[in-house]
Amino acid sequence: MLCQKCGKKPAVIHRITNVGGSKQEVHLCEECAREEANTFMDDAFSINALLSSLLNMGIDTPIKVEKMETIKCGACGQSFGEFRTTGRLGCDQCYTTYKDRLASLLKSIHGNNQHSGKIPKRVGSSLRIRREVDNLKTELEKAVKAEEYEKAAEIRDRIKNLTGTA
Amino acid sequence: MDDWIKGEGPHSEIVISSRVRLARNIAGLPFPDRLNEQGAQRLITTVEKAIKRNPVLFKDFDLNILKGMTPLETRILVEKHLISPALAERHDQGAVFISKNRQMSIMVNEEDHIRIQVLLPGLQLDNAWDLANKIDDVLEETIDFAYDERYGYLTACPTNTGTGMRASVMVHLPALALTNQLKRVFQALGQLGLAVRGLYGEGTDIVGNMVQISNQLTLGQSEQHIIKSLKGVTGEIINKENQAREAMLKNSRIALEDKICRAYGILTEARIISSKEFMELLSDVRLGVDTGILKGIDRAVLNELMLESQPAFLQSIAGAQLNDSERDVFRAQLIRRKMK
Ligand SMILES: [Zn+2]
Ligand SMILES: [Zn+2]
């Protein structure tokens with residue numbers, strides 16, 4: 001396979017990007033990949049790819065984008081325009097400031113925008129219980145469907161315990 | 001000696017090392033790019049306090065402040081994979097806590113406030129995650145991390161949001177390369193959402209058939225899930241590489257022996273050798289050791305050479321600044337000394 005960018009050298013770097021929910025394959029030769037890497041943020045996606053995906057999602061018209069550029073985060077003072085050029089947010093509050101834009105951006109990068117990994121122990125006890133309850137509810141449904149009523153009763157008790165202490 | 005250099009971990013004939021990195025930020029504090037020097041200094045103190053509260057970590061981790069180091073010293077930490085190139089660039093703000101066995105490090109003021117990194121020899125992704133997770137647990141006892149119910153850990157770059165985790169393995173795939181199967185493997189990895197890179201991570205070339213494979217997505221999957229799938233994929237790659245090695249030994253043994261012994265000959269006799277040529281020949285010799293074609297060479301010597309033949313390391317061994325061509329000469333000397 002030849003490199004998509006220059007069309008001359010064989011492609012050696014291959015990856016899948018999730019653009020607006022549709023998967024796209026990218027195949028590059030070493031040289032073009034390196035060139036692209038110079039504009040990489042951290043190590044996964046280029047800013048340009050990110051932002052063009054953001055723009056191609058039909059959420060922002062060009063005029064709206066221009067206005068968006070000047071909106072600043074109240075906590076750190078960074079504008080959305082600066083984020084567009086650096087690819088880096090200024091602080092954790094930026095996630096609230098640019099909530100709508102980031103929801104779709106994160107979805108376009110990760111194909112998902114709901115965290116399902118680690119929850120910090122200290123801040124996350126109620127969250128942890130809620131997730132546990134959600135899991136138990138799914139189990140309960142399964143047990144009922146399989147007509148395992150004894151198991152279902154057991155699960156129901158566990159849910160009661162959890163929600164009682166929550 | 002750093003443990004990965006011993007070349008003794010599980011599947012170390014193919015998997016050089018396993019790494020897990022966690023990105024964390026402190027709630028309410030601007031990310032490092034927007035943090036002034038005082039803020040950066042306070043952050044180092046905050047992390048130091050969190051470490052001091054835990055007797056085990058306190059005894060094990062030593063603080064290195066980049067500002068007090070020469071560029072060469074900083075560069076060596078990069079070559080040892082103890083800090084990232086990005087941290088090395090933050091000379092005025094950056095700091096790193098390094099464990100005594102050098103398997104664990106905690107970078108401060110990199111792209112994110114805190115980056116926990118665990119690097120283990122061979123295929124040990126579970127252990128690496130486990131250790132990183134434990135360090136994270138200790139830090140979160142005293143530090144309020146920027147965390148969102150929906151988005152998980154909030155990071156400076158949206159490509160890390162969620163788990164903030166990048167898990168990777170460094171694999172040596174000479175037989176897949178020699179049998180022209182590497183491209184197909186990379187393609188398959190891409191389809192699985194995994195990224196393929198060279199020895200030094202982002203944007204580096206694949207040299208000497210050393211390939212770094214890592215997860216790309218950080219939001220929507222649990223850490224365990226990410227580790228499990230990377231482990232599964234690595235297992236399959238090990239199988240494929242082993243099959244290719246066996247096939248070559250069976251079908252073209254003499255040609256393989258020739259290639260390996262020539263590489264050994266050049267490595268031990270050359271008077272000038274570039275880093276690229278060295279890495280390519282080293283790959284052949286490593287394959288020779290792994291397949292038993294070359295006997296009496298310790299894999300640790302090869303790993304040591306891989307580390308020491310890098311620019312900053314070479315210069316520190318030489319005790320002098322060396323230009324490119326001086327380095328190539330000194331590198332050849334070092335190899336002869338170590339391999340003969
Ligand atoms: Zn190209
Ligand atoms: Zn902000």
Side-chain angles (χ1 to χ4, degrees), chain A residues 1 10-18 23 25-27 30-31 33-38 40-45 50 73 75-78 83 86-96 102-103 105-124 127 130, chain B residues 23 25-31 33-34 86 111 133 136-137 140-141 144-163 165-166 182-183 186-187 189-197 201-206 214 216-226:
Chain A
M1 184 184 305
V12 290
I13 308 289
H14 310 275
R15 47 170 218 276
I16 296 237
T17 55
N18 232 307
K23 290 201 166 173
E25 288 183 42
V26 183
H27 309 281
E30 272 191 0
E31 215 173 277
R34 200 177 330 136
E35 201 174 277
E36 199 196 56
N38 290 333
F40 265 15
M41 309 171 304
D42 187 323
D43 44 15
F45 296 87
L50 274 181
C73 169
C76 70
Q78 180 174 285
F83 166 59
T86 63
R88 287 183 191 149
L89 295 158
C91 73
D92 53 349
Q93 282 306 306
C94 288
Y95 279 87
T96 316
L102 283 175
L105 180 63
L106 286 165
K107 178 120 199 187
S108 77
I109 299 171
H110 300 281
N112 194 318
N113 59 14
Q114 176 63 57
H115 177 60
S116 64
K118 185 171 179 176
I119 303 167
K121 279 197 192 85
R122 213 152 39 88
V123 294
L127 181 60
R130 216 178 315 151
Chain B
N25 287 286
I26 295 176
L29 191 70
F31 294 150
D33 272 351
R34 301 192 73 82
E111 182 183 294
N133 191 26
D136 184 48
D137 283 344
E140 74 164 43
E141 277 174 27
D144 272 327
F145 285 142
Y147 183 86
D148 180 85
E149 210 177 291
R150 179 162 178 205
Y151 296 143
Y153 293 96
L154 304 178
T155 53
C157 180
T159 54
N160 294 314
T161 311
T163 59
M165 182 175 83
R166 196 77 64 200
L182 220 43
K183 280 178 201 167
F186 291 173
Q187 233 168 321
L189 290 173
Q191 270 152 9
L192 292 166
L194 296 169
V196 175
R197 303 197 180 81
E202 49 249 60
T204 57
D205 293 345
I206 290 167
S214 63
Q216 289 205 73
L217 309 182
T218 54
L219 188 59
Q221 297 175 335
S222 70
E223 292 85 352
Q224 289 84 354
H225 180 97
I226 296 169

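Quick note on labels: first sequence line is chain A, next is B, and so on, each numbered from 1.
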In terms of heavy-atom proximity below 4.5 Å to chain B, should A/Gln93 be classed as side chain, backbone, both, or neither? neither

For A/Ser116, what residues pass the side-chain contact (heavy atoms from CB on, under 4.5 Å) criterion, not counting sequence neighbours?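 Not a single residue meets the side-chain contact (heavy atoms from CB on, under 4.5 Å) criterion with A/Ser116.
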
How many angstroms lie between [atom1] in [X] and [atom2] in [Y], if you round to the nearest 0.5 Å?
X: B/Tyr151; Y: A/Tyr95; atom1: OH; atom2: OH; value: 9.5 Å
X: A/His110; Y: B/Thr218; atom1: NE2; atom2: OG1; value: 3.5 Å
X: A/Leu102; Y: B/Arg150; atom1: CG; atom2: CZ; value: 10.5 Å

Who wins among A/Cys94, A/Ala103, A/Gly117, A/Gly77 for the most heavy-atom pairs under 4.5 Å with chain B?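 Greatest number of close heavy-atom pairs with chain B: A/Gly117.
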
Among the options A/Cys73, A/Cys76, A/Gly90, pick out the one with the most heavy-atom pairs lying under 4.5 Å from chain B. A/Gly90

In terms of heavy-atom proximity below 4.5 Å to chain A, should [X] be classed as side chain, backbone, both, or neither?
X: B/Leu29; result: backbone
X: B/Asp33; result: side chain
X: B/Gln224; result: neither

Just by distance, do the side chain of B/Glu111 and the backbone of B/Phe31 share a donor-acceptor pair under 3.5 Å? no

Do B/Arg166 side-chain atoms and B/Ser214 backbone N/O form a donor-acceptor pair below 3.5 Å? no

Closest-packed option against chain A by number of heavy-atom pairs under 4.5 Å, given B/Ile226, B/Asp136, B/Leu154, B/Leu219: B/Leu219

Highest number of heavy-atom pairs under 4.5 Å with chain A: which of B/Ile26, B/Asn25, B/Thr155?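 Looking at each of B/Ile26, B/Asn25, B/Thr155 in turn, B/Thr155 comes out on top.
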
